[in-house]
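Note that the structure is a prediction, hence the values are computed from the model and not measured.
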Amino acid sequence: MSVASIFESMEYGPAPESKDMAEKWLNDHKPNFKQFINGKWVAPKSKKYMDSLNPCSQEKLASIPVSNKEDVDEAVKAADKALKGWVKLGGHGRARYLYAIARQVQKHARLFAVLESMDNGKPIRETRDIDIPLVARHFYHHAGWAQIQEERLPDYKEIGVVGQIVPWNFPMLMLSWKIAPALAMGNTVILKPAEFTSLTAILFAEICEKVGLPAGVVNIITGEGDTGAAMVDHPGIKKIAFTGSTEVGRIIRRAASGTEKKLSLELGGKSPFIVFQDADLDSVVEGVVDAIWFNQGQVCCAGSRLLVQESIAEKLYDKIRKRMETLRIGNALDKGIDIGAIVAPVQLKTIEEMVQKGVDEGAELWQPSWECPSEGCFYPPTLFTNVAPAATIAQEEIFGPVLVAMSFRTPAEVVKLANNTRYGLAASLWTENINLALDIAPKVKAGTIWINCTNMFDAASGFGGYRESGFGREGGLEGLYEYVKLKVEDEFKLAPETKKLTEKLPSGENGIPSLDKTAKFYVGGKQKRPDGGYNTNVLDTKGNVIGEVGVGSRKDIRNAVEAAHAASKWAGTTEHTRAQIIYYMAENLEARATEFAERLSSALNQSTKKSMQEVEASIDCLFTYAAYADKYDSSVHATPHRNVTLAMKEPIGVMGVVCPNEAPLIGFINTVMPLVAMGNTVVVIPSETAPLSATDLYQVLETSDMPGGVINIITGDKEELTKVLANHDDVDGLWYFGSKEGSSMVQNAAAENMKRTWVNFGKNRDWFNPTHVNAQDFLRHATEIKNIWVPYGE
Ligand code: NAD
């Protein structure tokens, strides 16, 4: 080929990256790799191995151990043994190790990048320029957090032994997102890479060895789903951090429910890529390439749903098709390719089936004219237009290079379309109008919003989902909380539930005239009678009847949830207004302090003085959350780009609150008000044994200008009502303060729609002890953090 003809066609020649170093490393480990447990290389007890294949050629790269339960157990023992010393080392000591790891990752960056591309099939350009540099960045960044942990998180401590399970799409990057914060905060870890891509995790273990990391602090075991399940089931593991599919996330959540294991789940997505008519379309096209053809579309936050304003839709589709024609697909180690191979034949088959479904359901398919390589697992970039919002390909994660396009007319319509998904991982917004972008960003339910950019990641910024994309964040300050617990948690005491004091009676059959004595429910700002017509006696601690409340049913909860949704404007009310209303509640509670104290005394058979203390503590608590309403600030993360990365604290949505039975007034105020202060609307089940302090609050709420529907109260059988809330698809989160069994039930049921839960496993805190009711911890549980990336400059 002459130089002139090259200029003519602008054809790229092959530009292969050398694989000599990686092949030597692989050869050095033949015939089989080993697990890294307690600082040693050990063969699996199962004596079983699995093949790791190169997706670009299907050639075998290595034999990887399949670790079994006994291996997991050995790793847990090693991690447990190492824990004390690792904690004792202190922040500075741990920072030095993390820093050393970062340096070694940089030193071996080329080997890591080549190995990752060979094992996963992703272009070397991506592993070299994105994955591995970000891995080093994560370890550097978290070395810093270890150094300042005691200063920035003085009330928190490590969780203990942590089990981490990662997927195959970003093997090393996901490893670093998990291991760096865990080690920084003083935990020890057992990490399992995905079965298709274990090699770089093993290389990482060699780095740990090289820097002299104490034995057992990091353990790497390999294997399939069963190995992961054995980790989830192991009682010695105190936290599971999982990244993978929503389906497996759900299995893990159910398996871990009731075990007191902390859990963070980073799951799937179907993220919208929104283009307004004034966007710079050439930038948009490059954005689309990065959004859906980066890593062959095998990206949890891939911009896989293209939503385009109608007036420019056809023009944009044409530009995208033209660009697709120029994309280059091929061997991952060719520095000139844009798209590599799909990780495995089974994944390729899933993509083919989903695409066929798209065609069958009537969408219009477009693929470039060129052919994919005949060997290996390749799939061409694909565009679907004319897609119905409810089509399978518009709703399900395809996890491949397939873009699904739809059009919209107005900003309000695109918000609805964007949120028409069970996921909520990320969104990308394209417009030259920054006011429009910043108006839309808070309305899209997703953990990350990129404005005029996409797939931007950094260790300083949190990443994670809303809804069925999981919960918890990785990166930034918000990510650290996944690896610590409040020191004071160790003081919470397992206590039997207060004895049930109520019995169910048809209305009016208790000897008390029901007309004026029965406290009703409070729904949508109005007092409502129970749907089923049942009331129940309220007894004092000596068994005397002191009143009557309604017995709530499924229907009553449904009505309350509806009312809470109808009041969602509360989230948009200014923080100042929310604060004013909560102060006003305090004022009105104080005006009736004696009455509330008498009610508490009669319910709990205690002195007025003691009851007055609870009323005063409740007024104090109202002041605290009124104060925080406009002081629990969002922040701006220092990411190393020309970017303002806004970490916005947002309300979660409609929350269920199941109050503790003990301390009926302060228990109510301290659980409901942080949520309300942050803009959530709530459905509350008050203390079952002493509900009258809560029902007395109706008048306080009414006289304090609390909008109807923000706080809804249903009395009745605590466990039955909790079950309804836990199973309700339109409840976004549930706080439960009750029994161990109730906590387990809540976690198990919540796996269905992945609602956020916060439960106490039957362990009571002292509601009068300020360290037990750390306001910032309550506020953290009452909010989600959305990171909005706003680039600046020319
Ligand atoms: P997967 O859920 O099949 O597997 C993930 C990991 O879980 C693997 O290591 C696997 O061996 C293990 N596993 C499988 N069954 C298990 C069980 N019952 N118990 C414990 N562990 C088990 O996911 P995948 O196919 O490897 O990865 C693709 C998925 O990951 C996609 O849905 C993608 O969206 C998601 N993902 C999410 C993020 C995020 O940050 N939210 C990032 C990357 C990938």
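Annotation for Arg328: atom CZ counts as buried by contact number, over 12 foreign heavy atoms lying within 6.0 Å. Environment of CZ in Arg103: sparse, with no more than 12 heavy atoms of neighbouring residues, nucleotides or ligands closer than 6.0 Å. For NZ of Lys48, the number of neighbouring non-hydrogen atoms (other residues, nucleotides, ligands) closer than 6.0 Å is 12 at most. The environment of Lys349 atom NZ is sparse: at most 12 non-hydrogen atoms of other residues, nucleotides or ligands sit within 6.0 angstrom.
Between Trp86 and Tyr97, the distance separating the two ring centers is shorter than 6.0 angstrom. For His29 and Phe33, the gap between ring centers is short of 6.0 Å. Within the 6.0 Å centre-distance limit, the rings of Tyr156 and Tyr481 are counted as a close aromatic pair. The six-membered or imidazole ring of Tyr99 lies away from that of Phe139, with a centre-to-centre distance of 6.0 Å or more. For Trp758 and Phe471, the gap between ring centers reaches or exceeds 6.0 Å. Ring pair Phe463/Trp177: centre-to-centre distance below 6.0 Å.
The distance from atom NZ of Lys47 to atom CG of Asn68, rounded to the nearest 0.5 Å, is 10.0 Å. Taking OG1 of Thr200 as the reference point, atom CD1 of Ile207 lies at 11.0 Å (rounded to 0.5 Å).
Side-chain atoms of Leu199 and Ile64, non-hydrogen and from C-beta on, do get closer than 4.5 Å to each other. Residues Trp25 and Ile202 form a side-chain contact, since some pair of their non-hydrogen atoms from C-beta on lies under 4.5 Å apart. For the pair Pro373 and Ile329, the minimum side-chain heavy-atom distance is below 4.5 Å. Residues Asn27 and Lys30 are in side-chain contact: their nearest non-hydrogen atoms beyond the backbone lie under 4.5 Å apart. At a threshold of 4.5 Å between non-hydrogen side-chain atoms, the residues Ser743 and Asn760 count as touching. The closest side-chain heavy-atom distance from Glu74 to Gln35 is not below 4.5 Å.
The cationic atom of Lys122 (NZ for Lys, CZ for Arg) lies less than 6.0 Å from the six-membered ring centre of Phe170 and within 45° of the ring axis.
Test Leu480, Leu183, Ile101, Ile179 against His142 for side-chain contact (heavy atoms from CB on, under 4.5 Å) and you get one pass: Leu480.
Salt-bridge annotation for Glu396 and Arg422: present, with a side-chain N of the basic residue lying under 4.0 Å from a carboxylate O of the acidic one. Of the charged side-chain nitrogens involved, at least one lies within less than 4.0 Å of a carboxylate oxygen, so that Asp490 and Lys485 count as a salt-bridged pair.
For Ser264, the side chain to side chain contact (heavy atoms under 4.5 Å, CB included) partners two or more places apart in sequence, or in a different chain, are Lys239, Ala241, Glu482.
Thr350 places a side-chain N or O within 3.5 Å of a backbone atom of Val346 that can act as its donor or acceptor partner. Remark: the backbone N or O of Ser257 is not paired with any side-chain donor or acceptor of Asn748 at under 3.5 angstrom.
In terms of heavy-atom proximity, Pro401 sits nearest to Ile351 at CD-CD1, 4.2 Å.
Under the 3.5 Å distance criterion, with hydrogens and angles disregarded, no donor-acceptor pair is assigned to the side chains of Ser67 and Thr227.
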